[in-house]
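A, B, ... follow the sequence lines: proteins, then strands. Residue 1 opens every chain.
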Protein chains: 2
Amino acid sequence: MNLIEKKTLSRIQKEKRSTIKKAALEVFSEYGLRGATLDKIAVASGLTKPNILYYYSSKDQIYFDVLSGLLDEWVAPLHNISSDGDPIDELLGYMKAKLKMSKQKPQESKLFATEILHGAPLTQNVLATSLKQTLDEKVAVIDKWIEEKKLEYVNGYHLFFSIWAMTQHYADFDIQVKSILNQSEEELFDDAEEYLTSVLLRTLSVRAP
Amino acid sequence: MNLIEKKTLSRIQKEKRSTIKKAALEVFSEYGLRGATLDKIAVASGLTKPNILYYYSSKDQIYFDVLSGLLDEWVAPLHNISSDGDPIDELLGYMKAKLKMSKQKPQESKLFATEILHGAPLTQNVLATSLKQTLDEKVAVIDKWIEEKKLEYVNGYHLFFSIWAMTQHYADFDIQVKSILNQSEEELFDDAEEYLTSVLLRTLSVRAP
DNA sequence: AGAAAAATTGTCCAATTGGTCAAAAAATTC
DNA sequence: GAATTTTTTGACCAATTGGACAATTTTTCT
């Protein structure tokens, strides 16, 4: 019986797949696709290697499944940007949601970063279609706000790029950040939020001198 | 004869090591340390595998050498920030220098990013000492500028983090950026520079509303 | 309970990989 | 130009790795 094609998964199947995915996220985010081994995933999950291969047909399949589950979650906060709201509130809220994800889900952020960094072999499709479409919509919202004089002019695409870059930096490069700042994670992210809020506020609400 | 301990390298040694490093940078930046293989480096360099191992005692040694050469280059622009100059000119200049590096040396940026992302096994020392020291100095310069009222208050550390994040994003995540924007590299980096200049100008020169 | 299906595992295999080594080839030195 | 040193390479090896598979155990269904 091919598990992949089956529609309803049993309790055990759901549990074990979830266990495997959780362990795989740990291992993949630390070592990348090629650096991760089935043995490491086996140890991390408490299962045997053949048992893992009973639930997934290959290492690549596990990687693909983990990453797929991640993509939606990663793009989700974008959908919460409402064209009806106050532009600055909406964009500040988006930044804060992204920063929160960096704090609470650094492994996911790192896995995603590694994937893109190494050429997005599995996700290039999604990036060029689904993500692009969603982002185009949100940039259109920004352009509309600008036209309605609710927002100073700003390049929408690069605005989103910079929000992604600045917020994810605290997850992806945490080692660097923490080796420079000797703070608790709480302090660090509080300072980061204060700084990013300030940057965004100034960028969005003031005409360039 | 142990090449590592020899002080003067022959012409051939210099050439071959340089060839190997160049090829290794390509391979390491695309696949990471663990994903890169000696065979790939051999093909990319046009040398045989044992010949590579004649010049470097191990794959890790090559990686270490490539990364070491990179670190200085990567931190270098920081040194050009002069406390005598105009704060905004100095920081804008720094941002532009970093953005230029992202455009011209994406492989180096990606290799560095991968290293940090995966826990900086070889560079954590340098980060915590040399980089931290240099950055501390430059943050002190910023704090001095603020005290002298030449600059509005800004968190110096997070300012640098955000400059790093925003500029390196265009190299490290180029696949994502390019799958969203269908522009030539020239246009893309021109727009990026314009946007980042605007963000930085507004961040540095205007009191938050 | 007993049959059938699903889950688990020990054992094994072929491919890849980092690295060795002795011999050959090329360059350098005298 | 012969001797010596340096460079290059083909052949090889041991370890790791992704994965196959048959046998066993556990769960599910009637």
Atom-to-atom span, [atom1] of [X] to [atom2] of [N] - whole angstrom:
X: B/Tyr56; N: C/dG18; atom1: OH; atom2: P; answer: 16 Å
X: A/Ile20; N: D/dG18; atom1: CD1; atom2: C1'; answer: 15 Å
X: B/Ile52; N: D/dT8; atom1: CD1; atom2: P; answer: 11 Å
X: B/Tyr54; N: C/dA24; atom1: OH; atom2: P; answer: 18 Å
X: B/Gln13; N: C/dA26; atom1: CD; atom2: P; answer: 19 Å
X: A/Asn51; N: C/dT11; atom1: CG; atom2: C1'; answer: 16 Å
X: A/Asp60; N: D/dT17; atom1: CG; atom2: P; answer: 16 Å

Taking the ring centre of each residue, are B/Phe160 and B/Tyr94 less than 6.0 Å apart?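 Judged by ring-centre distance (under 6.0 Å), B/Phe160 and B/Tyr94 do meet the cut-off.
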
Taking the side chain of [X] as heavy atoms from C-beta outward, which of [options] is closest to it?
X: B/Lys59; options: D/dG18, C/dG18, C/dA7; result: C/dG18
X: A/Leu53; options: C/dT20, D/dT8, D/dG19; result: D/dG19
X: B/Pro50; options: C/dT20, C/dG19, D/dG19; result: C/dT20

Next on the checklist: If you count heavy atoms of other groups shown closer than 6.0 angstrom to CZ of B/Phe189, is the number above 12?
Outcome noted: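 Counting neighbours around CZ of B/Phe189, more than 12 heavy atoms of other residues, nucleotides or ligands fall under 6.0 Å, so yes.
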
- Does B/Lys105 pair with B/Glu73 as a salt bridge, N-O distance under 4.0 Å?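 B/Glu73 and B/Lys105: salt-bridged.
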
If you look at every heavy atom in A/Thr167 and A/Lys98, which pair is closest and at what distance?
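The answer is OG1-CB, 3.6 Å.
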
- Which heavy-atom pair separates A/Met166 from B/Ser162 by the least distance, and what is that distance?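 Scanning both residues completely, I find the closest heavy atoms to be SD-CB, 3.6 Å.
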
*Donor-acceptor pair under 3.5 Å: do we get one between B/Lys49's side chain and the base of C/dG18?*
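Yes.
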
ask   = About how many Å separate OG of B/Ser45 and NZ of B/Lys40, when rounded to the nearest 0.5 Å?
value =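 Nearest 0.5 Å value for the NZ-OG distance: 14.0 Å.
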
Check your understanding: Parallel under 30°, tilted from 30 to 60°, perpendicular over 60°: which one fits the rings of A/Phe161 and B/Tyr170?
Key ->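 Ring orientation of A/Phe161 relative to B/Tyr170: perpendicular.
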
Q.
Quiz question: by atom type and distance under 3.5 Å, do the side chains of A/Gln183 and A/Asp191 form a donor-acceptor pair?
A.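 Present: a donor and an acceptor within the cut-off.
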
Scoring nucleotides 23-30 of chain D by protein non-hydrogen atoms under 4.0 Å (B base, S sugar-phosphate only, - none) yields -----S--

- prompt: Using a cut-off of 4.0 Å on non-hydrogen atoms, how would the nucleic acid contact of A/Lys16 be classed: base, sugar-phosphate, or nothing?
  reply: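 It contacts sugar-phosphate atoms only.
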
Next on the checklist: So does A/Leu188 get a backbone contact from the side chain of A/Lys178, meaning a donor-acceptor N/O pair under 3.5 Å?
Outcome noted: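 No, the answer is negative, given that no donor and acceptor are paired below the 3.5 Å cut-off.
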
Residues within residues 25-47 of chain A bordering DNA chain D, heavy-atom distance below 4.0 Å: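 Within residues 25-47 of chain A, the residues near DNA chain D are A/Ala36, A/Thr37, A/Leu38.
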
